[in-house]
Every structure is written in structure tokens, then in C-alpha cells.
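So you know, we letter chains A, B, ... as the sequences are listed, proteins then strands, and number each from 1.
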2 protein chains.
Amino acid sequence: MQNRNIAAAPSYRGEQLLFLTDEQLRQGIELMFFAYRGFTADPDRILEDYGYGRAHHRCLHFVNRHPGLTVNDLLDILGVTKQSLNRVLRQLVNDDMIESRVGQEDRRQRNLYLTEAGATLEASLSEQQRARMRKAYMDAGPEAVHGFRTVLEKMIDPELRHRVLSLMERENGR
Amino acid sequence: MQNRNIAAAPSYRGEQLLFLTDEQLRQGIELMFFAYRGFTADPDRILEDYGYGRAHHRCLHFVNRHPGLTVNDLLDILGVTKQSLNRVLRQLVNDDMIESRVGQEDRRQRNLYLTEAGATLEASLSEQQRARMRKAYMDAGPEAVHGFRTVLEKMIDPELRHRVLSLMERENGR
DNA sequence: ATTTTATGTCAGCCTTGTTGACTATCCAAG
DNA sequence: CTTGGATAGTCAACAAGGCTGACATAAAAT
């Protein structure tokens with residue numbers, strides 16, 4: 001099924017523009033929808049046991065990825081309101097999953113770190129998700145993975161990409 | 001940035017297993033998260049004007065794709081409870097976006113169709129999303145698109161894929 | 001000293017998930 | 001033919017997690 005329309009497109013090696021029918025684009029849209037469901041299904045099951053949702057998972061993920069990041073950084077990354085984030089963050093801090101330390105240079109800021117329990121939970125969530133991603137990558141092969149990453153990159157909001165990249169630069173510069 | 005890790009992998013033409021670090025997999029995970037946000041951003045803005053959410057969009061999309069499908073079909077596709085779907089569906093029917101006709105063979109069933117207004121709204125939502133998808137596809141090139149589709153396919157829950165495919169078969173057989 | 005910034009919190013609203021109880025219809029066994 | 005079970009859909013009430021707005025506090029910047 002997944003090859004039918006691509007095969008129907010002329011000039012597979014694209015010196016020419018892609019032959020993009022609405023049908024092909026709509027299939028891509030559905031693919032995103034269904035794949036994202038699969039992508040979140042495994043962690044969702046674990047989170048349920050803790051009474052957490054995807055919002056908690058996202059916090060754990062990004063705090064793990066960028067230890068010591070501030071609440072504001074997280075707000076920028078997640079693109080939610082601080083009230084919404086705070087509710088989730090408060091739970092995670094109360095549950096001793098995330099530690100919130102007062103900033104050293106700027107004492108208004110709170111630097112966020114995973115506790116041991118938080119790291120454990122994050123690892124189990126991530127493990128499931130990486131397993132599915134790894135399987136998809138292996139089944140699809142390296143060239144497909146490269147294409148996958150290329151297309152997804154292009155779909156990200158340019159402004160968001162800029163914000164995330166500048167966060168990573170800032171980290172590298174420390 | 002998106003090429004760095006792929007380039008670092010040995011054996012690009014994969015007779016050998018991919019060299020998949022956790023870092024690469026985590027990057028894929030983040031890519032899914034950020035790309036999905038971009039993917040839904042445009043329709044979200046339009047939906048707001050109507051007081052609708054993504055659930056309404058999904059209904060309009062699939063009713064457009066499969067005119068006459070039943071509520072149960074839609075439940076299978078969307079993977080939510082019927083109560084949750086029904087609320088959204090009721091709004092769309094009341095707002096004269098979707099028509100719900102009593103089934104001819106089985107009068108318990110309701111066959112769903114877009115009204116003219118519904119088709120118009122669906123078109124404007126889809127137009128935005130297709131534009132972004134088209135741009136990403138064009139920028140990335142046909143080979144990348146092929147890889148994108150291949151990987152996403154692998155990420156879908158097998159059971160879900162089966163259900164959706166059997167729906168499409170049933171339609172072709174009418 | 002005043003203003004701005006970073007964060008936290010309260011209240012209240014909306015969408016969209018959930019479960020449970022209910023109605024209408026179909027079908028099959030007695 | 002009727003009755004009982006399965007199926008399709010609807011209604012009601014609740015929870016998670018988005019949102020806005022208002023406000024408090026502490027620290028930094030001016």
C-alpha cells in the first residue's frame with residue numbers, strides 16, 4: 001500500500017518536481033495521525049499507572065534531555081501556558097520525580113533536574129518509545145530513516161525550531 | 001543538524017544493522033513531537049473560529065474520506081469511546097456540518113456524510129494542512145518522502161492498520 | 001526607588017477523554 | 001411469535017489538561 005502512489009509518481013529521482021496529488025498529501029496526513037497514535041501508545045500505558053498524562057511525560061523527557069533547564073525554557077519548548085505547565089510540574093515535584101533548585105546566578109529562576117525516581121520513570125517511558133522507534137527504523141532501513149528525519153524537520157514550525165536550537169547552543173556554550 | 005548522526009552511522013546502504021544510538025532515537029522522538037505540533041498548528045487556528053477542536057477536524061476528515069461510513073467505523077478509526085465521539089458528532093450534526101442518515105439495511109446504523117457547509121470547512125482545514133505537507137515534501141524531495149512514509153507506516157499499531165485497511169477493502173467491494 | 005522579569009498560585013472555562021446507564025434495532029432460539 | 005441477547009447509538013456526569021485573567025513574591029535591572 002505505501003508504495004503504490006510513490007510508484008505512480010513520475011521521475012522518482014527528483015530532478016523534476018514531485019507529482020503531488022491531493023490524495024497523496026491526504027495519505028501523508030493520515031499517516032501522521034495514525035503514526036503519532038502508535039508513537040504515544042506505549043508510554044501512555046505506563047503513565048496511567050502513575051496517574052500521569054502526556055504532559056508529565058513531556059516534562060520528564062525534556063528535563064532529562066536538558067538537566068538544569070529553567071521553567072521558562074520548558075515553557076518555550078512545550079508551547080503551553082505557565083499555569084498549565086505549573087500544575088503538572090507541581091505534581092512531579094511533590095511526587096519527588098523532579099527537583100526544582102533555586103538558580104545560582106539568577107535566584108528568580110528554578111533549575112529543574114530529575115530525581116532518581118524521576119530518572120527511573122523517564123527511562124522506562126523512553127525505553128518503550130525507543131523500542132518502537134528502533135524497530136521502525138530497523139524495518140525501514142537507513143535511507144528511509146534519513147528521509148523520515150528530513151521531512152519531519154521541514155514540518156516543524158520555523159520559529160519553534162529556532163527557539164529549540166538556541167537553547168541547545170546555549171547549553172553547549174556552558 | 002539532521003544529517004550529522006546519519007552521516008556518522010557506518011554502512012549507509014544497510015546490508016548491516018543500523019548504528020542506532022539512544023541519542024539518535026531520542027532525536028527521532030523529539031522530531032515526532034515537534035513535527036506533530038507544526039502539523040496541527042494551521043488547522044487549530046481555523047477550528048478556533050468555529051469553537052471546534054481537533055476531534056471535530058478528525059471527524060470531518062474521515063467522513064470526507066469515507067462518505068457514508070457508520071459511527072462504529074469512525075470509532076474504530078479514531079480509537080476513542082463512542083460517548084466521546086458522539087458529543088463531537090452531535091455538535092457537527094446540529095451545526096449542519098455532517099448529515100446522519102439512518103442505515104438502509106440496518107436501521108440501527110447511522111451513515112455519515114458531509115453537508116455542503118461541512119465540505120467547505122473540511123476543505124479549508126485540509127487546504128492548510130496539505131499546503132504545509134506539500135511544502136515539506138517539495139523541500140525534502142521524493143526519496144525523502146518515500147522514506148518518511150515507510151518509517152511512519154512501521155510506527156502504526158499493527159492492529160489499527162489492519163482495521164483501517166479492512167474498512168477500505170469493504171468500501172472498494174461496494 | 002521604580003520597573004521589569006521569573007516564577008508560582010488561585011479561580012474558572014473549554015475540549016475531549018473516560019465510565020455507566022439507557023433506548024432502539026436486529027437476530028436467533030425456543 | 002415472542003423473548004432474550006447482541007449490536008448501534010445516545011445521554012449524563014466526571015477528570016485531565018489545555019486555556020485566560022488576576023495577583024503575589026522575589027530578584028534583577030534601570
### Query
So, do A:R110 and A:V102 sit near enough that their side-chain heavy atoms are less than 4.5 Å apart?
yes
### From CA spacing to verdict: side-chain contact (heavy atoms from CB on, under 4.5 Å), B:F33, A:H61
CA-CA 11 Å; B:F33 170 63; A:H61 172 91; over 6 Å; no
#### Entry: Separation of C:dG12 P from A:N86 CG (nearest whole Å)
18 Å
### Task
Give the rounded distance in Å between these two atoms: CG of A:L75 and P of C:dT5.
16 Å
### Task
Begin with the C-alpha distance, continue with both residues' side-chain angles, and end with the deciding distance and a verdict on salt bridge (charged side-chain N to carboxylate O under 4.0 Å, His left out) for A:R134 and B:D22.
CA-CA 9 Å; A:R134 186 182 298 112; B:D22 279 7; 3.8 Å; yes
### Message
Regarding A:H56, tell me which of base, sugar-phosphate or nothing describes its non-hydrogen contacts under 4.0 Å with the strands shown.
### Response
sugar-phosphate
### Query
Between atom CG in B:N72 and atom P in C:dT25, what is the gap in whole Å?
17 Å
### Query
Of all nucleotides in DNA chain D with an atom under 4.0 Å from a non-hydrogen atom of chain B, which is the first and which the last going 5' to 3'?
D:dA6 to D:dA13
### Task
Mind calculating the distance between CG (A:D44) and P (C:dT18) to the nearest angstrom?
11 Å
### Nucleotide C:dT5, atom C1' - distance to CD of A:E105 in whole Å
15 Å
### Query
Which sits closer to the 5' end of DNA chain D, B:Q109 or A:V88, going by the nucleotide each is nearest to?
B:Q109
### Message
Measure CD/A:Q104 against P/C:dA6 and give the value in whole Å, please.
### Response
18 Å
### Query
Do any of residues 46-53 of chain B sit with a heavy atom less than 4.0 Å from DNA chain C, and if so which?
B:G51, B:G53
### Task
Check step by step if side-chain contact (heavy atoms from CB on, under 4.5 Å) holds for A:F39 and A:M32.
CA-CA 10 Å; A:F39 167 73; A:M32 276 296 282; over 6 Å; no
### Query
Rounded to the nearest 0.5 Å, how far apart are OG of B:S100 and CD of B:Q109?
11.0 Å
### Query
Under a 4.0 Å N-O cut-off, is there an ion pair linking B:R37 with B:E30?
no
### Query
Do the side chain of A:R54 and the base of C:dG17 come within less than 3.5 angstrom through a donor-acceptor pair of N or O atoms?
no
### Query
Could you state the interatomic distance from CZ (B:F148) to CG (A:L152), rounded to the nearest 0.5 Å?
5.5 Å
### Query
Can a donor-acceptor pair under 3.5 Å be found between the side-chain atoms of A:R108 and the base atoms of C:dT5?
yes
### Query
For C:dT15, does OP1 or OP2 lie under 4.0 Å from any side-chain N or O of B:R58?
no
### Query
Using a cut-off of 4.0 Å on non-hydrogen atoms, how would the nucleic acid contact of B:R87 be classed: base, sugar-phosphate, or nothing?
base
### Message
Between B:Y113 and B:V71, is there shared hydrophobic-cluster membership here, with clusters defined by ILVMFWY side-chain heavy atoms closer than 4.5 Å?
### Response
no
### Message
Would you say the rings of A:F62 and B:F34 are close, in the sense that their centroids are separated by under 6.0 Å?
### Response
yes
### Message
Would the base of C:dG20 count as contacting B:Q83 through its side chain, where contact means a donor and an acceptor less than 3.5 Å apart?
### Response
yes
### Task
Test A:N64 against every option in A:L114, A:L112, A:L125, A:I98 by the side chain to side chain contact (heavy atoms under 4.5 Å, CB included) rule and name the one that passes.
A:L114
### Task
Quick one: label A:G79 by what it contacts on the DNA or RNA (base, sugar-phosphate, nothing), any heavy atom closer than 4.0 Å.
sugar-phosphate
### Query
Over how many whole Å does the gap from B:L78 atom CG to C:dT18 atom C1' extend?
16 Å
### Task
Could you state the atom-to-atom distance from CZ of B:R90 to C1' of C:dT16 in whole Å?
13 Å
